[in-house]
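Accompanying notes for the structure given below.
Only heavy atoms go into these numbers, but all of them, side chains included; no hydrogens, no water, no symmetry mates. Since the model is a prediction, treat every value here as computed from it, not as a measurement. Every chain is numbered from 1, with letters handed out A, B, ... down the list of sequences.
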Amino acid sequence: MRVRFAPSPTGALHIGGARTALYNWLLARGSGGTLVLRIEDTDRERSTPENVAQILDALEWLGLGWDEGPLSQAERGERHREEVARLVGEGHAYEDEGAVRLRVPDEGATVVRDVIRGEVRFEHSAIDDFVIARSDGSPLYNLAVAVDDRDMAISHVVRGEDHLSNTPRQLMVLKALGAEPPLYAHLPLLHGPDGKKLSKRHGAASVQELREAGYLPEAVRNYLALLGWGADATTTFFTTEDLIERFSLERVSRNPAVFDEQKLRWMNGRYLRELGSGELARRLEDVYGARPGLAVAAAIAQEKMQTLADFWPLAGFLVERRETDECAWRKVMRDGARENLTEARHALAGAEPFDEPTVEAALREVVERRGAKPKDVFQPVRVAISGSTVSPGIFESVVGLGREETLARVDDALSRLD
RNA sequence: GGGGGCGUGGUCCAGCGGUUAGGACGCCGGCCUUUCAAGCCGGAGAUCACGGGUUCGAUCCCCGUCGCCCCUACCA
């Protein structure tokens, strides 16, 4: 199997493009075939080197490596012109106001054999002679794609459904060229939550944004694979090896899908909790830099995170001291909070060794002695050390912070209460 | 306007002539509980777009209608 991913560098890599890349990659890996990366940059107005770099970067981050390329379609201009000239010479195409058009027969039809959609028939009467080269001689999409797919011996063209209507045109170019057509598979499009075509307005739409939002590439891969495909009625989680083994074009669905970030969040959380704590710390370092205390904080926060970006708001206080949320302070530091916190301070000062079982026992003893509810003691401690009413478990947090730092923060809170 | 694709709970995926229409996200409730999550348990939610056929029987097959999307560029 020789497949290709052929993005146009007119913007960032969108999740739709990422899914197309993923499916092609899975096909190549699963068949022992080859994935060609071809940059379709013949639109010189809108294609930029920055976009190319961004696309390569996104693919790399997703872990979708290619075997050949990246090839620039624009750099193959000579080859394309050569074929245009040949088509004109052989009478398949003709000049019209400087541009070159392919002759489309008036009668008959062209049938696209699509792995996902079956045979799709296009009557020639509905297709005009279309332009294959501009008046300056530069080749156009339908010509360049056909020539390149042929030259690169592509066996399966797997791309978005928006290309289905252009396929008969490419088939006609191929036929005029005397080339055997590849097999086609047109994937359902991805829509936004409003049912319209996906765009930047619908949240994290580009791969870069997904990355910045703290998603894991393996989770994104798993989620994207399921957007338009399913192995069976119940399986949701797939390792990349599973995906490679089980993915098939035959089971790709025909109807458009909507990107649901909530489900991605959920899935990402599941992947995050599967990570070894050392691995999680490494991933967090990529985002926040290497900092003392990060690994400890990572282990403590892991079960409550859904994305890497959740880490800092939730557990940043374990890494560095932060401002107290006044709303949280007012809510918690009242009634018997001062006394409870004072008692807790003594208990923590005396807890030996300073580990979870001991700290928990010490704090629970305070609860008992004060005849209070657990939260009457725990919440003031939480606000004192984290500045917030929300944090990971209080015992892990206290131990993770260490006795010295915990007592320092509690003392500061107590002095403020005086 | 012309051509093409698609149409199962809010969302994703199952189903491929006979099912109580299944699973997941989300939502609601409960348990757990030191906050928030996570986890576990339970629940609500689908005239299978609509209308005709074919058939003993249609979500599944055929036709039509409607809706959404794509193409119809000297964009890709």
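A/Asn268 has its CG atom 14 Å from the C1' atom of B/rA38, to the nearest Å. Atom pair A/Tyr271:OH and B/rA38:P shows a separation of 18 Å (rounding to whole Å applied). Rounded to an integer number of Å, the gap from CD of A/Glu161 to C1' of B/rC68 is 11 Å. In this structure, A/Phe378 places its CZ atom 15 Å from C1' of B/rC36, rounding to the nearest Å. Protein atom CZ of A/Arg221 is 23 Å distant from nucleotide atom P of B/rC12, rounded to whole Å.
Base contact: A/Asn166 has a heavy atom under 4.0 Å from a base atom. Residue A/Thr42 is in sugar-phosphate contact alone, with no base atom involved, counting any heavy-atom pair closer than 4.0 Å across all strands shown. Using a 4.0 Å heavy-atom criterion, one finds that A/Phe395 contacts the bases of the nucleic acid, with or without backbone contacts as well. Nucleic acid contact class of A/Ser165 (heavy atoms, under 4.0 Å, all strands): base. Using a 4.0 Å heavy-atom criterion, one finds that A/Leu140 contacts the sugar-phosphate atoms exclusively. Within 4.0 Å (heavy atoms only), A/Ala233 reaches at least one base atom of the nucleic acid. As judged by a 4.0 angstrom heavy-atom cut-off over every strand, A/Pro188 is placed among residues making no nucleic acid contact. Contacts of A/Arg38 with the nucleic acid, taken as non-hydrogen atoms under 4.0 Å apart, are absent. Backbone-only engagement by A/Arg251 is indicated by non-hydrogen atom pairs under 4.0 Å involving sugar-phosphate atoms exclusively. Using a 4.0 Å heavy-atom cutoff across all strands shown, A/Thr235 reaches no nucleic acid atom at all. A/Glu123 comes within 4.0 angstrom of no nucleic acid atom, judged by non-hydrogen atoms across all strands.
With respect to A/Gln306, the side-chain contact (heavy atoms from CB on, under 4.5 Å) criterion is satisfied by exactly one of A/Arg265, A/Arg270, A/Gln262: A/Arg265.
Comparing B/rC41 with B/rG5, their P atoms are spaced 44 Å from each other, to the whole Å. Taking atom P on both B/rU65 and B/rG4, the two are 13 Å apart, rounded to the nearest angstrom. Distance noted for atom P between B/rG7 and B/rU59: 16 Å (whole Å).
Under the 3.5 Å distance criterion, the side-chain polar atoms of A/Asn24 are matched with a main-chain donor or acceptor of A/Val158.
One can find a donor-acceptor pair under 3.5 Å joining the base of B/rC75 and the side-chain atoms of A/Arg46. On a pure distance criterion of 3.5 Å, a polar donor-acceptor pair joins the side chain of A/Ser135 and the base of B/rC74.
B/rA58 is unpaired under the criterion used here, namely a Watson-Crick or G-U wobble arrangement in which both key atom distances are under 3.5 Å. Shown here, B/rC16 forms no base pair; nothing in the strands shown gives a Watson-Crick or G-U wobble contact with both key distances under 3.5 Å. When both pairing distances are held under 3.5 Å, B/rG51 makes a Watson-Crick or G-U pair with B/rC63. Searching all strands for a Watson-Crick or G-U wobble partner of B/rC32 with both distances below 3.5 Å returns nothing. Checking B/rC68 for Watson-Crick or G-U wobble geometry (two distances, each under 3.5 Å) identifies B/rG5 as its partner.
With salt bridges taken as basic N to acidic carboxylate O contacts below 4.0 Å, one links A/Arg86 and A/Glu90.
Annotation: cation-pi geometry not satisfied between A/Arg334 and A/Trp329 (NZ/CZ under 6.0 angstrom from ring centroid, within 45° of ring axis).
Here A/Ile127 contributes atom CD1 and A/Asp106 contributes atom CG; the two are 12.0 Å apart, rounded to the nearest 0.5 Å. Interatomic distance, A/Glu75 CD to A/Gln73 CD, rounded to the nearest 0.5 Å: 11.0 Å.
Residue A/Arg364 places at least one side-chain N or O closer than 4.0 Å to OP1 or OP2 of B/rU34.
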